[in-house]
Amino acid sequence: MYRLLRAPLQPVTYSRWLHLCVPILMLAVWMFIGPEAPWVPLLVVIPLGLVPWVRLAEGLQARFLLTPHDGDGAESTISTVASARWSDRWRTLLWLELRLVVSLGAMAPTVWLPFMTVELVATAFGHPLEADPLLPFVPPRWAAALLAPVPLVLLIAIVVLLGELITAIAQRLLGPSAAERLTALEARTEQLLERTRIARELHDSIGHALTVAVVQAGAARATGDPEFTDRALSAIEETGRAALEDLERVLLVLRESSQPPSQRPTLAEADRLLESARAAGAAVDAQLKGPLEKLPGPVTREGYRILQEALTNVLRHCGPVPVRVRIEMAKDRLDLEVSNPLPEGPAFSSGGGSGLRGMRERAALLGGKAETGPYEGSWRVCARLPLDRIR
């Protein structure tokens, strides 16, 4: 009852009424042409329902007029794509037939009830209509004044009920099919995976740059050597520029810009990370074996980020300590290992930290494995990334 009382104030009531009135125009025209065969429009729409683009047109109209509150997002209950399968075409055909039937039910009240109100108002003013009256009898003037709003209230009630009915039918017959829902779910999954990847990118690149900058600034202040301070500032500047490039690339992706993002760094640029760690004071012993420039794209990009995060963790938790880096490209896999002396306190945890978890996630997405934790008196990051399945 409360919803019925609110209905005259709701814009969706009138948009659904308009949706019901659109087929009435075609029905009204046909009633002048062949009133003896009112079923002909039901046959006319049969070939229309089999045209793929009709489903798109009907979906757009239904979404705009029946469910304007749903918006255009993926959560909309009405699809706006052309028919891709015969099941979609049969559902569209059934929708067109039911839409005509429901609109036919709304045609008589839409025309007669307002006219009855006009008759009652005229009677209340003492001028009853004499030409084709709809009222079965002429009520007294006081009764006509009291009954005048009744047809309009009845009309609103009929419009609300038929609007709810046609909306439910549209959501059922024009709603996304199983294939469309699966496609939308896959797109949503890809979007979430992309956001997760961007979060890892920001954590690894910006985290590495900030860690190097903090370590360099602290070392420069502690030594008080102008020459060392100059080298530290140069390293901070270089690392900051690289971080800005990564940040700009990620922001372009977030803005969905048409401009292609700059190329993600690869293991062919590993020397940049190693020099950055050396500039921060770490004694890096690096062994790079194999043609790293020939690595598959996903492996070399994710391997770069794993190496970056491993070196960042060393500088963040242990400071400028000796670091051993071994990267070897074998026949069927890439081996990446970073080890350093264990810190005195419990700075590392083999299971916690978004950086450690991110390294394991990167390796798992490629079908490989990354292990982090104490190993023979050192802290070791060991990643094994397969090459065959990527190729």
Side-chain angles (χ1 to χ4, degrees), residues 4 7 10-70 72 76-117 132 134 136 151-181:
L4 186 60
Q10 299 296 320
V12 71
T13 299
Y14 302 98
S15 65
R16 289 176 178 177
W17 193 359
L18 177 60
H19 187 274
L20 291 170
C21 290
V22 171
I24 293 179
L25 300 176
M26 182 181 70
L27 294 173
V29 171
W30 177 252
M31 293 304 292
F32 284 102
I33 299 175
E36 67 282 354
W39 43 267
V40 171
L42 297 176
L43 298 179
V44 173
V45 300
I46 291 179
L48 295 178
L50 302 180
V51 178
W53 292 104
V54 171
R55 180 177 178 83
L56 170 61
E58 290 293 320
L60 289 172
Q61 186 182 155
R63 179 184 288 188
F64 182 71
L65 295 176
L66 298 181
T67 59
H69 49 275
D70 280 1
D72 297 328
S76 178
T77 56
I78 296 180
S79 175
T80 55
V81 296
S83 300
R85 298 171 177 79
W86 277 102
S87 59
D88 297 334
R89 298 179 185 181
W90 292 121
R91 292 169 65 199
T92 306
L93 173 58
L94 182 58
W95 156 254
L96 292 176
E97 300 287 354
L98 291 177
R99 183 182 180 185
L100 281 176
V101 172
V102 175
S103 296
L104 185 61
M107 182 169 62
T110 299
V111 176
W112 295 341
L113 291 177
F115 192 73
M116 290 179 64
T117 298
D132 299 326
L134 293 178
L152 295 181
V153 173
L154 184 60
L155 176 61
I156 292 296
I158 294 175
V159 168
V160 170
L161 294 177
L162 292 181
E164 294 283 350
L165 175 62
I166 198 66
T167 302
I169 295 174
Q171 291 172 339
R172 179 67 176 175
L173 297 179
L174 296 181
S177 63
E180 292 170 354
R181 288 194 296 269

Checking R89 now: which residues fulfil salt bridge (Lys or Arg N to Asp or Glu O under 4.0 Å) with it, not counting sequence neighbours? none

State, with a plain yes or no, whether a side-chain heavy atom of M107 is found less than 4.5 Å away from one of L104. yes

Taking side-chain hydrogen bond (donor to acceptor under 3.5 Å, both in side chains) as the test, write out the residues that go with T167, two or more places apart. R16

Of the non-hydrogen atoms in P114 and L152, which two are nearest, and what is the gap between them? CA-CD2, 4.4 Å

Gap between atom CG of L100 and atom CH2 of W95 - 0.5 Å precision: 10.0 Å

Looking at R91, is its backbone amide N or carbonyl O close enough to the side chain of R55 to form a donor-acceptor pair, meaning the two atoms are under 3.5 Å apart? no

Would you indicate whether the side-chain heavy atoms of L173 and W90 approach each other to under 4.5 Å? no

Separation between CH2 (W17) and CG (L65), nearest 0.5 Å, reads 14.5 Å

Quick check for you: to the nearest 0.5 Å, what is the distance between L174 atom CG and L56 atom CG? 11.0 Å

Can you name the closest pair of heavy atoms from C21 and T110 and give their distance? SG-CG2, 4.3 Å

Out of V22, L18, T80, which one pairs with Q61 under the side chain to side chain contact (heavy atoms under 4.5 Å, CB included) rule? V22

Non-hydrogen side-chain atoms of L50 and W86 separated by less than 4.5 Å: yes

With side chains defined as the heavy atoms from C-beta onward, is the minimum distance between L154 and P109 less than 4.5 Å? no

Out of curiosity, I166 CD1 to L98 CG, how far, rounded to the nearest 0.5 Å? 7.0 Å

For the student: nearest non-hydrogen atoms of R99 and P23, plus distance: NE-CG, 3.4 Å

Is there a side-chain contact between T67 and Q171 (heavy atoms, below 4.5 Å)? yes

If you round to the nearest 0.5 Å, how far is OG1 of T77 from CZ of R172? 13.0 Å

Heavy atoms of A106 and L162 approach each other most closely as CB-CD1, 3.5 Å

What heavy-atom pair brings L96 and V45 nearest, and what distance separates the two atoms? CD1-O, 3.8 Å

Output all residues satisfying salt bridge (Lys or Arg N to Asp or Glu O under 4.0 Å) with E97, sequence neighbours left out; order by chain, then residue number. none

Is a side-chain N or O of S103 found less than 3.5 angstrom from the main chain of L20, in a donor-acceptor match? yes

Below 4.5 Å, heavy atoms only, C-beta onward: do I158 and L113 meet side chain to side chain? yes

Roughly how far apart are I78 CD1 and F64 CZ, rounded to 0.5 Å? 13.0 Å

